[in-house]
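Side-chain atoms are counted along with the backbone in the values below, which use heavy atoms only and exclude waters and symmetry mates. If you read the sequence from its start, that first residue is 1, and numbering goes on from there.
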Amino acid sequence: MKSLKEEYYNPFFSHIYVEESVRNYWRVQEILAKFPDAEIIEIHHYKDVFCRSRQSHALQHRSRKLILAARQKSLLYEGAPVCQSFGNQYFYYMSCVMNCVFDCEYCYLKGMYPSANIVVFVNLEEYFDQVEAVLKEHPLYLCISYDTDLAAMEKVIGYVGQWCAFAGRHEDLKVEIRTKCANLSCFEKVPPLANVIWGFSLSPQEVIKSCEHGTPSLTERLNCAAELIRAGCTVRLCFDPMIYMPGWKRYYEEMLEQVYRIIDLDKILDVSVGTFRISQDYLKRMRKQEPDSAVVWFPFQRENGYCHYPDGLMEEMEGFLTERLQERISRGRIFRWRE
């Protein structure tokens, strides 16, 4: 007998929408070949599906659809104020995929996008062209996995490997790939490059269990990061965003003890520390999508169009974690988002 979920929801990517302009593109054919049972639906423009009104993130997260499209015009954006530049002057980001296979309650994508379905822009070479144009003017620190988790999508689209190959040809380019993925097979073909930074987002297991639905455990993420370090890759540990919940101090203390047991901190690049913060417009939309989430309904403080924990709590949480980290790593390798 089928379970309730099996009875009423299709599996991930049971339906794939394809813009008619890219239907015969080689990359599209490669992706479609991985889903022989999927129903393929041609569309004129990805926004016809992705941006339609009255969509439910909660329902779509149970049965994701894939949309293959080409993104036009500007593909490169300056880093947002709520993101960390890690001391890099020329800080930019790109979105070659929109939305994530994971389902974290606090994810700003739920306030940014009207849909939980995943859009993959298949004109990756045009992204590379725009990066190369900027590199003629100045070096570039580029984050490519803010609006998705590229590593978690690697078996479907292979973009991580292609970005690493591209970075290997451009010494003035520094690429950060932020991830919660812990599937080592996704990293098998990744060469250890000094200018490709693997940023592992880490949370206490209690936070993961409570609101990072579908993501690997803390242990799994740490073991994956440790393997990449042993392989010679450049690894960053991201304690960001820190999430408040009753007993948070004990949970973060336990998390650090686990980090120290598994990770050789002398061999990581650096760490980032930051509490949850978000655009107030995104938060407003997130609250409609997550009416029962304690994380997004916290009474945040508003400041210059952004919401964050009250100053006292924010300083207490970030200060606590920073002080504990300083016992094992130099202060110069710890980056707080407001510094």
Reference residue L66; test side-chain contact (heavy atoms from CB on, under 4.5 Å); the match among L32, I31, I157: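 Per the side-chain contact (heavy atoms from CB on, under 4.5 Å) rule, the option paired with L66 is I31, out of L32, I31, I157.
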Would you say [X] and [Y] make side-chain contact, with heavy atoms under 4.5 Å?
| X | Y | value |
| --- | --- | --- |
| L228 | V190 | no |
| K65 | V49 | no |
| Y159 | R27 | yes |
| W198 | V160 | yes |
| I43 | I67 | yes |
| Y92 | L140 | yes |
| I262 | N223 | yes |
| R333 | I268 | yes |

Would you check, one step at a time, whether the test salt bridge (charged side-chain N to carboxylate O under 4.0 Å, His left out) holds for E315 with R336? CA-CA 11 Å; E315 180 58 37; R336 287 179 62 175; 3.1 Å; yes
Shortest non-hydrogen contact from [X] to [Y]?
| X | Y | result |
| --- | --- | --- |
| K155 | K34 | O-NZ, 2.9 Å |
| M255 | S203 | SD-C, 3.6 Å |
| T275 | P241 | C-CB, 4.1 Å |
| L218 | I208 | N-CD1, 3.5 Å |
| D240 | S272 | CB-OG, 4.0 Å |

Under the ring pair (Phe, Tyr, Trp, His ring centres under 6.0 Å) test against F298, which residue among Y244, W248, Y106 passes?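 By the ring pair (Phe, Tyr, Trp, His ring centres under 6.0 Å) criterion, F298 pairs with just one of Y244, W248, Y106: Y244.
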Basic-acidic side-chain contact under 4.0 Å: E316, K249: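 Here E316 pairs with K249 in a salt bridge, since their nearest N and O are under 4.0 Å apart.
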Ion pair R62/D103, N-O distance below 4.0 Å: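 Between D103 and R62 there is no salt bridge, as every charged N stays at least 4.0 Å from the carboxylate O atoms.
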Strictly distance-based, threshold 3.5 Å: is any side-chain N or O of [X] a donor or acceptor partner for the main-chain N or O of [Y]?
| X | Y | result |
| --- | --- | --- |
| R23 | V18 | no |
| D149 | K180 | yes |
| D147 | M98 | no |
| S14 | A38 | no |
| R287 | V296 | yes |
| S145 | I177 | no |
| N88 | Y90 | no |
| Y127 | S95 | yes |
| D172 | L135 | no |
| R331 | I334 | yes |

How many angstroms lie between atom OH of Y113 and atom OH of Y108, to the nearest 0.5 angstrom?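 Those atoms lie 6.5 Å apart.
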Would N183 and S185 count as a side-chain hydrogen bond (donor to acceptor under 3.5 Å, both in side chains) if you check the C-alpha gap in whole Å, the side-chain angles of each, and the deciding distance to 0.1 Å? CA-CA 5 Å; N183 186 348; S185 65; 2.6 Å; yes
Which residue is it: R64, R52, Q55? I am looking for the one with a side-chain hydrogen bond (donor to acceptor under 3.5 Å, both in side chains) to S115.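 For S115, the side-chain hydrogen bond (donor to acceptor under 3.5 Å, both in side chains) check succeeds only for Q55.
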T215: which of K209, R221, E220 passes side-chain hydrogen bond (donor to acceptor under 3.5 Å, both in side chains):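 Result for side-chain hydrogen bond (donor to acceptor under 3.5 Å, both in side chains) with T215: R221.
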Pair Q258-T219, side-chain donor/acceptor within less than 3.5 Å: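 T219 and Q258 do have a side-chain donor-acceptor pair below 3.5 Å.
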Dump the intermediate steps for side-chain contact (heavy atoms from CB on, under 4.5 Å) on E105 and D292, then the final yes or no. CA-CA 10 Å; E105 289 183 17; D292 301 317; over 6 Å; no
Mind running side-chain hydrogen bond (donor to acceptor under 3.5 Å, both in side chains) on Y141 and N195 for me, showing each step along the way? CA-CA 9 Å; Y141 172 67; N195 63 332; over 6 Å; no
My understanding is that only residues two or more places apart in sequence, or in another chain, count here; which of them pass ring-ring contact (aromatic ring centres under 6.0 Å, His included) with Y252?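 Result, ring-ring contact (aromatic ring centres under 6.0 Å, His included) vs Y252: none returned.
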Between F121 and Y46 (judged by ring centroids, cut-off 6.0 Å), do the two rings come close enough to count as a pair?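 Centroid separation for F121 and Y46: below 6.0 Å.
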Pairs flagged by ring pair (Phe, Tyr, Trp, His ring centres under 6.0 Å) wherever residues 254-289 is involved - sequence neighbours left out: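 Of all non-adjacent pairs touching residues 254-289, those that pass ring pair (Phe, Tyr, Trp, His ring centres under 6.0 Å) are F276-F300.
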